[in-house]
> 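Have a look at this one before I ask anything.
So that the names make sense, note that chain A is the first sequence line, chain B the second, and so on, each numbered from 1.
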Protein chains: 2
Amino acid sequence: MSLPHAILTSLAERPGSGSELARRFDRSIGHFWQATHQQIYRELARLEASAWVEATAVEGAPGRKRRYRILPAGRQELERWTGAALAPPAIRDELMVRLRAAGEVDPGDLTHELDRLLNHHRAQLATYEAVRERDFPHPPASRTGLLQLLVLDEGIAFERQRIAFCEAALALLRNP
Amino acid sequence: MSLPHAILTSLAERPGSGSELARRFDRSIGHFWQATHQQIYRELARLEASAWVEATAVEGAPGRKRRYRILPAGRQELERWTGAALAPPAIRDELMVRLRAAGEVDPGDLTHELDRLLNHHRAQLATYEAVRERDFPHPPASRTGLLQLLVLDEGIAFERQRIAFCEAALALLRNP
DNA sequence: ATGAACATGTAAATAGTTACATGATTCA
DNA sequence: TGAATCATGTAACTATTTACATGTTCAT
């Protein structure tokens, strides 16, 4: 389970409130580890109970906004986890199951859904490419930047692969 | 949640007992939707309660083995699901979170773990390629076969991408 | 002062994981 | 006959999702 460490990483990059983290997740690390705001708030409470982060109330903000910062113990935990045993990914790919099912029964409206999925992946690819142009116009000099770019490029490669796959599946389903 | 439909698909391809399904998952559809034997038994009980599958006791087998078969209502449900709305994948990729973390703290033994992961993906790729040579020496003629091959080739593409990614990450972490 | 937007949180349901238990057959 | 193996299952726990609730500030 990577959520607590994804949050610690995000807070190590920059302190922030729960809602800010939720938005940051939507744009950044959440592309690789999704989380709802409920998950994030619950996890922040746990991280605070473990004394890995601390929170201070933010005056003059709507709601009862709290700003979280990572503590030295939290950074130490993040470092421990970074080098800890790494399991192979637990793959759960609904699309592949669907296509195997489509080999056994009539696929019905699956081509329509594949079209929608194709649009989603094209949009995601465009988003990643825009982020790349904006944040990495030149090769980064720091190790941090190089790692961020490596991960971003993997996102780009993933979306391209998905697009090609959806196109191939559509071609196959449309030519019986 | 695709598990019930992954099981229905597997039973549509061929009837079998819970333990046989668990083994079949390990070799086939489970590469895209993992499940433990406990999950499979629980789900089979649900599918039986929904009258989508039926079970008959197998005489002269160890334990109290039961053979499951898909029923017409189950095939109909599988068909409905195949064309139903398809959500974009919920990505949870621990490796990417690790590498982002490695940009913020000392990566410690991460290179060692990356090496182990690299071996895993190379082995997985070899497995897929062996399956491909064994089961698809010639282009399949049936739609079912074409879809199975499409999915298998996506698995191969995924493993290749992972291997390239692990190698790039290792190169980056080793050259500071 | 009131409604809109924001920030945080509670509660319940579902899904997945881990550890352990039980019954039946096979084989030394 | 008893240990090993196989097949099925129970129980407890953790993680994730979905729906809803509450309090605060800001702009009208």
Side-chain angles (χ1 to χ4, degrees), chain A residues 1-8 10-11 15-26 29-30 32-50 53-68 81 85 87-94 97, chain B residues 1-8 10-11 15-26 29-30 32-50 53-68 81 85 87-94 97:
Chain A
M1 227 278 292
S2 306
L3 181 55
H5 300 97
I7 292 174
L8 282 176
S10 196
L11 288 178
S17 70
S19 57
E20 282 164 6
L21 275 172
R23 280 191 294 274
R24 217 185 289 172
F25 257 63
D26 282 346
I29 213 166
F32 304 102
W33 199 277
Q34 297 181 352
T36 62
H37 78 275
Q38 288 87 346
Q39 275 179 285
I40 289 172
Y41 284 123
R42 183 155 29 109
E43 211 54 61
L44 281 170
R46 285 179 194 162
L47 294 174
E48 193 179 6
S50 304
V53 306
E54 70 172 10
T56 52
V58 178
E59 304 297 321
R64 31 189 194 292
K65 190 166 178 171
R66 312 178 70 210
R67 176 188 174 79
Y68 288 89
W81 176 80
I91 297 172
R92 294 227 161 68
D93 195 337
E94 178 164 350
V97 182
Chain B
M1 225 278 291
S2 305
L3 181 56
H5 299 96
I7 292 175
L8 282 177
S10 196
L11 288 178
S17 70
S19 58
E20 282 164 6
L21 275 171
R23 281 191 294 273
R24 217 186 288 170
F25 257 63
D26 283 346
I29 212 166
F32 303 103
W33 199 278
Q34 297 181 351
T36 63
H37 78 274
Q38 289 87 346
Q39 274 180 286
I40 289 173
Y41 283 122
R42 185 155 28 122
E43 210 55 59
L44 281 170
R46 285 179 194 161
L47 293 174
E48 193 179 7
S50 304
V53 306
E54 69 170 12
T56 52
V58 178
E59 305 297 321
R64 35 192 192 291
K65 191 166 177 171
R66 310 177 73 212
R67 175 188 175 79
Y68 289 90
W81 176 81
I91 298 172
R92 295 227 159 69
D93 196 336
E94 178 163 352
V97 182

> One thing to verify: whether E48(A) and R66(A) come together as a salt bridge, which I'm taking to mean a side-chain N less than 4.0 angstrom from a carboxylate O.
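Salt bridge between R66(A) and E48(A), a charged N being under 4.0 Å from a carboxylate O: yes.
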> Could you check whether R67(B) gets within reach of a base, just the sugar-phosphate, or nothing at all, counting any heavy atom under 4.0 Å?
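Touches nothing.
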> Taking 4.0 Å as the cut-off, does a side-chain nitrogen or oxygen of R46(A) come that near to OP1 or OP2 on dT14(D)?
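R46(A) to dT14(D) OP1/OP2: no side-chain N or O under 4.0 Å.
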> For L3(A) and dT16(D), what is the distance between atoms CG and C1' respectively, to the nearest whole Å?
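One finds 10 Å between C1' of dT16(D) and CG of L3(A), rounded.
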> Out of dA7(C), dT8(D), dT18(D), which nucleotide sits closest to the side chain of Y41(A)?
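The answer is dA7(C), which lies nearest to the side chain.
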> With respect to the side chain of S17(B), which nucleotide from dT17(D), dG16(C), dT8(D) is positioned closest?
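Looking only at side-chain atoms, S17(B) lies closest to dT8(D).
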> Counting side-chain heavy atoms from CB outward, which of dG16(C), dT8(D), dT22(D) is closest to R92(A)?
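Out of dG16(C), dT8(D), dT22(D), the nucleotide with an atom closest to R92(A)'s side chain is dG16(C).
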> Determine, step by step, whether E20(B) and R23(B) satisfy the salt bridge (charged side-chain N to carboxylate O under 4.0 Å, His left out) criterion, reporting the C-alpha distance in whole Å, the side-chain angles of both residues, the deciding distance to 0.1 Å, and the verdict.
CA-CA 5 Å; E20(B) 282 164 6; R23(B) 281 191 294 273; 5.0 Å; no
> What is the separation between atom CD on Q39(B) and atom P on dT16(D), rounded to the nearest whole Å?
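After rounding, the gap between these two atoms is 14 Å.
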> Are the charged groups of K65(A) and E59(A) less than 4.0 angstrom apart, N to O?
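Salt bridge flag = no for E59(A) with K65(A).
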> Just call it for A45(A): base, sugar-phosphate, or nothing, with non-hydrogen atoms closer than 4.0 Å on any strand.
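The answer is nothing, as A45(A) stays clear of every strand by at least 4.0 Å.
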> Does OP1 or OP2 of dT8(C) have a side-chain N or O of S19(A) closer than 4.0 Å?
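Yes, S19(A) has a side-chain N/O under 4.0 Å of OP1/OP2 on dT8(C).
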> State, to 0.1 Å, how close M1(A) and P4(A) come at their nearest heavy-atom pair, and which atoms those are.
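Between these two residues, the closest heavy atoms are CE-CD, 3.1 Å.
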> Just how far, in rounded Å, is P of dA7(C) from CG of L21(A)?
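About 12 Å, once rounded to whole Å.
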> Between S17(A) and R67(A), do the side chains contain an N or O donor and an N or O acceptor separated by less than 3.5 Å?
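R67(A) and S17(A) do not have a side-chain donor-acceptor pair below 3.5 Å.
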> What's R23(A) touching, base or sugar-phosphate or nothing? Going by heavy atoms closer than 4.0 Å.
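Touches sugar-phosphate only.
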> Just how far, in rounded Å, is C1' of dA15(C) from CE of M1(A)?
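Going from M1(A) (CE) to dA15(C) (C1'), I get 15 Å.
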> Between R42(A) (CZ) and dT18(D) (P), how many Å, whole number?
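From R42(A) CZ to dT18(D) P: 13 Å.
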> Could you state the CD1-C1' distance from I91(A) to dG16(C), rounded to the nearest angstrom?
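It is 16 Å, rounded to the nearest whole Å.
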> More 5' along DNA chain D: Q38(A) or E59(A), using each one's nearest nucleotide?
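First, find each residue's nearest nucleotide; the 5'-ward one identifies Q38(A).
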> Using heavy atoms to find the nearest nucleotide of DNA chain C for H37(B) and Y68(A) separately, return the residue whose nucleotide is more 5′.
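Its nucleotide being nearer the 5' end, the pick is Y68(A).
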> To the nearest angstrom, how far is L47(A) atom CG from dT8(C) atom P?
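In whole Å, dT8(C) P and L47(A) CG are 14 Å from each other.
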> Using whole Å, what does the distance between atom P of nucleotide dA15(C) and atom CG of L44(B) come to?
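To the nearest whole Å, that distance equals 15 Å.
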> Looking at the side chain of T36(B), which of dG16(C), dT17(C), dT8(C) is the nearest nucleotide?
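Given the options dG16(C), dT17(C), dT8(C), the side chain of T36(B) is closest to dT17(C).
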> With a 4.0 Å cut-off on heavy atoms, is R66(B) in touch with a base, just the backbone sugar-phosphate, or nothing at all?
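The answer is sugar-phosphate, as R66(B) gets under 4.0 Å only of primed atoms, P, OP1 or OP2.
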